[in-house]
Amino acid sequence: MIPDHSSIDSLSDCVGEEVTLRGWLYNKRSSKGLHFLVLRDGTGLCQCVVNESAVDDTSWSAADDATRESSLELKGVVGIDDRQIGGFELQVSSAVLIHKAEEYPITPKEHGVDFLMNHRHLWLRSQRQWAILRIRNRVTMSIHEFFQGRGFLQMDAPILTGTAVEGTSTLFEMEYFGRTAYLTQSGQLHGEAMAMAFGKIYTFGPTFRAEKSKTRRHLTEFWMIEPEMAFYDLDGAMQLAEDMLSRIVSDALRDCQAELEVLERDQEPLKRSIGGYPRITYSEAVDILKSEKTAQMVANKIVAIEQEQKDIAAESEEGKAAYGQAKKWQKRKTDAREIEIQRRTNEIEEELRNLPKWVESARQFEWGSDFGGSDETLITWNFDRPIIVHRFPHGFKAFYMKRDPEDDRLALGMDVLAPEGYGEIVGGGERATDLSFLQDQVRAHGLPEEAFKWYFDLRRYGSVQHSGFGLGLERTVTWICGIHHLRETIPFARTLDRLYP
RNA sequence: UCCUCGGUAGCUCAACGGUAGAGCGUGCGGCUGUUAACCGCAAGGUUGUAGGUUCAAAUCCUACCCGGGGAGCCA
């Protein structure tokens, strides 16, 4: 059956008409002879008013019995009401209770992370998750449209592989008919083979890292987009990454206003992130990191958050002083604010502990080592949009990176760092094309040469300059959404300690 | 692997050595325009597990289990 009911996001076309809505009860408020049902159908929310005097007994008891997340079919006339969420209201003429939900565990009040993650299959129904996952969908579609529009071929790289692409990361191992197979950590090498066959390709698929990372920036299973382009140099790859991200950002701003508002995302940083990404070399980034300007910036930041700390402490005291004679709803408001103040206070205390350490480690930074998380953050604080850092010391980069012909200490790699502390979302560069250089590198990195025989063939038969990069989907969505943690940007996050649900 | 914080009612938290409480949610009752509606009543607990100290442990100590944040590494 193809359902013939209306969806909440199309109610603007039906004002004054009778429609049927099907969905789930998001919230209910009642007084004598009236039920205000907030219906959720996946496209939006709509308040539906059931008046005892306007419906028959069956409809009234359906509304009466309906519990949170019960499924309902509601028929009624659409009216405009600016006070309501979504801007419309349904005057119900008949209601059918499709299924009465048991006591629903997720309430409108706050919940802890552990509880919510254990109920992820239900958490997905709430507003915030709706907004985030719709933005993820928009980002996914933007990426496909961007590459398809530029003549790229989408390819599916294998998920089971026999080798590690970059010896550094830990891989998930599995028994494979008496041999060892791994879950892929990158589709790049296979992407290069496809690029030599089709010119420009991109992969869009899951990747796996068995790193024991327990942070808000890590998943063990995440989605990566890896374009690979024959005849592109490093500059070409950087321009492509900038164009792709600009497209993602502008599409989200155009199509996801409702979602960004639910998330209370400050859109100014996104509006600035369309084009004009500064390119800075690793060496320039090191200079910025060690500069007096950066140290001064952090010092200013410390002063600012110390002031904020005092301000919110004062606000907290005021709330407590007024608490005694406050009305119940005021107390509740104060309580809610107090929780927020506590959370922010803890954050500030952690920042005040960390910032001096960050400055110190930045001061001590030596040319040739890799940036840590705090170094990246300090560098990006100097800019108001994504930046592209390029030409790194080859020591900590992958074996397949091409050396800079102008400076043999450097590899032609590049990273895109998102602003606002979101950090690395793209990593890539120009690939080495010379067979004997690659063979040396594989040996130098301690990788099994025989596993790369097929890869070496790409340098035997018409080797050409080529470049590519990998985009982390969840990190990108986290940045667009302006949210704190990666785990909310994928329907079912897989982390170190979580395989359920 | 290391550092750090936490585990009390279905949920979020309080009690910090002396009879375990509140709000939300749930149930019942009231209210014809509510916006996390509101008002009243009620039910709801071997304080993560196992030891130990004490006249007395949610509270102090030890070990373990579970989870959060971070380092390293990375997208």
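In what follows, chains are A, B, ... by sequence order, proteins preceding strands, each numbered from 1.
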For [X] and [N], what is the distance between atoms [atom1] and [atom2] respectively, to the nearest whole Å?
| X | N | atom1 | atom2 | value |
| --- | --- | --- | --- | --- |
| A/R475 | B/C73 | CZ | P | 13 Å |
| A/R487 | B/G70 | CZ | C1' | 13 Å |
| A/L171 | B/C73 | CG | P | 17 Å |
| A/E103 | B/G25 | CD | C1' | 6 Å |

Which of these nucleotides, [options], is closest to any side-chain atom of [X]?
| X | options | result |
| --- | --- | --- |
| A/R83 | B/G25, B/C31, B/G33 | B/G33 |
| A/N27 | B/G72, B/U34, B/A36 | B/A36 |
| A/F222 | B/A75, B/C31, B/G72 | B/A75 |

How about A/L11 and A/L21: do any of their side-chain heavy atoms sit closer than 4.5 Å?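 A side-chain contact exists here, since the closest heavy-atom pair is under 4.5 Å.
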
Regarding A/E89, tell me which of base, sugar-phosphate or nothing describes its non-hydrogen contacts under 4.0 Å with the strands shown.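 Since a base atom lies under 4.0 Å of A/E89, the category is base.
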
Once you apply a heavy-atom cut-off of 4.0 Å, does A/V38 come out as touching a base, just sugar-phosphate, or nothing?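 A/V38: no heavy atom of the nucleic acid under 4.0 Å.
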
Can you see whether A/E228 engages A/Q188 through a side-chain donor-acceptor pair at a distance of less than 3.5 angstrom?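 Short answer, no.
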
With a 4.0 Å cutoff (strictly under), does any side-chain N or O of A/H484 reach OP1 or OP2 of B/G69?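 The answer is no; no side-chain N or O of A/H484 sits under 4.0 Å from OP1 or OP2.
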
Taking OP1 and OP2 of B/A71, is either one under 4.0 Å from a side-chain nitrogen or oxygen of A/R217?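 Affirmative; the distance criterion is met.
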
Mapping A/T107 and A/R216 to their closest nucleotides on RNA chain B, which lands nearer the 5' end?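 The residue whose closest nucleotide sits nearer the 5' end is A/T107.
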
Closest-nucleotide mapping onto RNA chain B: is A/H111 or A/V49 further toward the 5' terminus? I mean the 5' end.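 Result of the comparison: A/H111.
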
Using the P atoms only, state how far B/C16 lies from B/C55, rounded to an integer number of Å.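 Looking at atom P only, B/C55 and B/C16 are 22 Å apart.
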
